[in-house]
Every structure is written in C-alpha cells, then in structure tokens.
Amino acid sequence: MALGGVGDGDPDKAGREPFLVKALKIAMVVALYWFISITMVFLNKYLLDSPSLNLKAPLFVTFYQCLVTVALCKGLSLFSHVIPSNVVEFPSVRFDLKVLRSILPLSLVFIGMITFNNLCLMYLGVAFYTVGRCLSTVFNVLLSYLLLKQTTSLYALLSCGVILGGFCLGIDQEGQGGKLSWVGIFFGVLASACVSLNAIYTKKVLPAVDGSIWRLTFYNNVNACFLFLPLLVIFGDIGKLITFDKLTDVYFWSMMTLGGLFGFAIGYVTGLQIKFTSPLTHNISGTAKACAQTVLAVFFSEQSKSFLWWTSNIMVLGGSFCYTWVKGLEMKKTQEQPANTTNEEEKNVLKV
C-alpha cells in the first residue's frame, strides 16, 4: 500500500512478469478504479438528493468529505512512522501556515470544483451527469490559450467541437423529456471550468509541497474545511442540519463517512491506474467508465431515453476519447523529436 509513491514502479520487475500476470493486474486495477468511481457518484447522489434522507445540504456533505480526507491523510501519516514502509508508505504531513497560504488560490478553485460538481449531480442526476459537466476538455483548451498561451491542434479542436455538439444535443433531448434543470446545467458548466483551472493551478503550487500529490491533498482539504465554515452559515446548511431528523442516526453518519472514504480512495486508485497503465490509458478508461455509469443510471432508474439522447452521450464520450487520443499522439511526437535531433547531430559528427 505504497500511498506515498503511486507513480513509482520497478520497470525491470514489471518487464520480467508473464504477460498473463501483468494483464490480470491491470484488469484488477482498472476494475477497482471503475468500482470506486462509479460507487462514489451513486453514493454522492444518494447523500445529496435522496427522498429518504431529505437533507438538502450539499455544502455540508462536501465539507464533511473534506474533513474525512484530512483525518485519513493525518492518520496515514502517523501510521507510516510506526508501520514498515512496505506495508504503509505515506509522506509526512503537518499543519504549516506558510504552505496553507501558498496554496490558497488553488484551494478556492478546489472548493468551487467539488461544490459545483456535487450541485450538478444533485440537480441533474447520474444519467445526465456525464453530459452535464462534459465541458472540462473545452475549458482546458480555452484556458490553456488564455492563461498559458498554448495553442491547440486542428484535430483536438474538432474533437472539442464534437463534445460541444453532444452537449447542446443532450440539453435539447433532456429538455424534451421534461427533466432538464438549467440550474444543474449552470453548475455543470462552472464545475467544468473549475476542473480545468484546478489542473492549471495544481502544476503551479506543487513545488510548495515538494511535488507530493498527497501533501497537496492534505493542505488543500485543510484550507477547504476552514473556507467552508462561513459558507455553511451563509447558505443555511447549518440551519438545515439542526432541524434534520436523522442527525443522530448511525446509518446516516456511516454513509457520510463512506462517501468521504470513497472520495479519498479515488485519488489513490487514479494514481494506481496511471502507474499500471499510462495517462492516456487512464483517460480512455475514464471515458469508458462514464459510458458504463450512464447505462447503469438509466437501467436502475428504469428510464426510457430517445435515440438522439443516446447519440448526445456517444458524441460527448466519442469526442472526449478522440481528444485524449490526439493529445497522446502529439505528446509522443514531442517526446520523439529530441531523440531524432540527437541522432542527426551524432550522424553529422561522424561525417566530420
């Protein structure tokens, strides 16, 4: 359980493994990622919008999940000092005001991301959730150009066009079904923008935590816990919690804590999937997972969807897949260029 280095691996050892063993490990890791991710979405939907709970306090649900993440990070950090590193390996974390201040801009974006994400899920539901917040890829392209002055290839832009087309078609079809929530769409767009900003700011602040994703997770969630406190009062979540009839229910708190555990676990299994496959394969797996998640949501809710509704989902998922594939090819080409340049230089030296 090497939580401190999910990106580390032994290439020689991996290369010596039989193909069947390697394939089985990859299949198990991908299956674990799918299980954690899909279960977390359905669990969050239950906590946010279940008629049996009737809590209607999305900010408190999000705040509690951040609190659980902080407790888990601190607990694993303490355990790593007394348990052998081959059992639990986790970086040391402590409350450092200087670090907390340095990552505050990221924490503000992070709060927006997780809050708008949950609000989108609350108003739209799981079936339309993938389409509702599919614009993160489009915002990646837009914000990379505006903030980082990075241009995007024609094929990547065409992929974004397919995603936008699927998004618009999905809104049209959901509206014809009478289940469209414009509030949910609004939160989905905001969540997509925050996801893109979160990726950009994460790269900027990683040096403040020595490049450790787990330290960043800890400090980000500590900041979030403090920043959520006034929001809980302003938006009335504290008042709703006081009058909540299941406040002393063990089952309710168990489900809340389980939601926090899954929220923490998704960070680990994401890193694990990237370690055993590649960033490109991870993104493709995420796209396929979103497709399975949509099918499961429609099946469990016993809904009937039109052909064009399914077409909108296929366009969003297909555009996302194509964008991931194009960016992967571009990255591979960029990595090969220095090697080709070096070979040309060696040939010139030999000619001389």
Side-chain angles (χ1 to χ4, degrees), residues 3-4 6-7 44 58-74 77 90-121 133-152 160 186-235 237 260 263-264 266-268 270-271 274 279 283 286 327:
L3 293 172
V6 289
N44 278 344
L59 290 180
F60 174 74
V61 172
T62 312
F63 161 77
Y64 186 80
Q65 290 177 348
C66 291
L67 202 61
V68 171
T69 298
V70 170
L72 285 170
C73 286
K74 191 62 182 174
S77 177
F90 198 86
S92 175
V93 295
R94 59 188 179 86
F95 292 94
D96 189 324
L97 289 176
K98 183 179 178 182
V99 176
L100 289 171
R101 283 197 300 268
S102 65
I103 68 164
L104 187 59
L106 173 64
S107 298
L108 292 171
V109 174
F110 173 72
I111 281 183
M113 180 181 72
I114 57 178
T115 301
F116 295 140
N117 200 53
N118 278 347
L119 287 169
C120 173
L121 181 60
R133 53 161 304 248
C134 68
L135 297 183
S136 55
T137 301
V138 178
F139 278 111
N140 273 340
V141 172
L142 183 62
L143 294 174
S144 293
Y145 178 74
L146 293 176
L147 301 179
L148 304 177
K149 305 303 178 185
Q150 293 178 354
T151 56
T152 305
C160 290
F186 175 70
F187 286 132
V189 172
L190 289 179
S192 299
C194 287
V195 167
S196 302
L197 282 171
N198 187 72
I200 292 171
Y201 278 104
T202 295
K203 292 179 181 178
K204 289 186 177 182
V205 303
L206 267 175
V209 290
D210 302 320
S212 171
I213 291 294
W214 287 116
R215 283 199 182 100
L216 183 61
T217 299
F218 173 74
Y219 288 114
N220 225 358
N221 281 274
V222 169
N223 271 343
C225 287
F226 285 112
L227 292 170
F228 265 123
L229 291 175
L231 296 177
L232 292 174
V233 177
I234 293 169
F235 290 97
D237 282 41
F264 176 83
I266 193 64
Y268 175 62
T270 296
I274 292 171
N283 287 332
K327 296 302 286 186

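Phe218 and Phe95 have their aromatic ring centers within a separation under 6.0 angstrom. The six-membered or imidazole ring of Trp214 lies near that of Phe264, with a centre-to-centre distance under 6.0 Å.
With sequence neighbours excluded, no residue satisfies ring pair (Phe, Tyr, Trp, His ring centres under 6.0 Å) with Tyr145.
In this model, no donor atom of one side chain and acceptor atom of the other lie less than 3.5 Å apart for Asn221 and Gln65.
Interatomic distance, CG of Leu59 versus CG of Asp237, reported as 4.5 Å (0.5 Å rounding). Here the OG1-CG distance, from Thr152 to Asn140, works out to 9.0 Å after rounding to the nearest 0.5 Å.
Remark: side-chain polar atoms of Ser77 are paired, donor with acceptor, to backbone N or O of Val93 under 3.5 angstrom.
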TODO: Step by step, work out the ring-ring contact (aromatic ring centres under 6.0 Å, His included) result for Phe226 and Phe63.
DONE: CA-CA 9 Å; Phe226 285 112; Phe63 161 77; 9.5 Å; no
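Looking at heavy atoms from C-beta onward, Thr217 lies in side-chain contact with Ile213 at the 4.5 angstrom threshold. The closest side-chain heavy-atom distance from Arg94 to Tyr219 is below 4.5 Å. Pro58 places none of its side-chain heavy atoms less than 4.5 Å from the side chain of Thr115. Here the side chains of Leu147 and Leu197 are in contact, with some heavy-atom distance below 4.5 Å.
Between Phe187 and Phe116, the angle of the ring planes stays under 30°, which puts this pair in the parallel group of the 30/60° scheme.
Nearest heavy atom pair, residue Ser107 against residue Asn223, reads OG-ND2, 3.0 Å. Minimum heavy-atom separation, Phe139 to Val189: CE1-O, 3.6 Å. Counting all heavy atoms, side chain and backbone alike, Leu143 lies closest to Ser196 at CD1-CB, 3.7 Å. Val195 and Ser136 get closest at one heavy-atom pair: CG1-CB, 4.0 Å.
Taking the charged nitrogens against the carboxylate oxygens, Lys98 and Asp96 have no contact shorter than 4.0 Å, which rules out a salt bridge.
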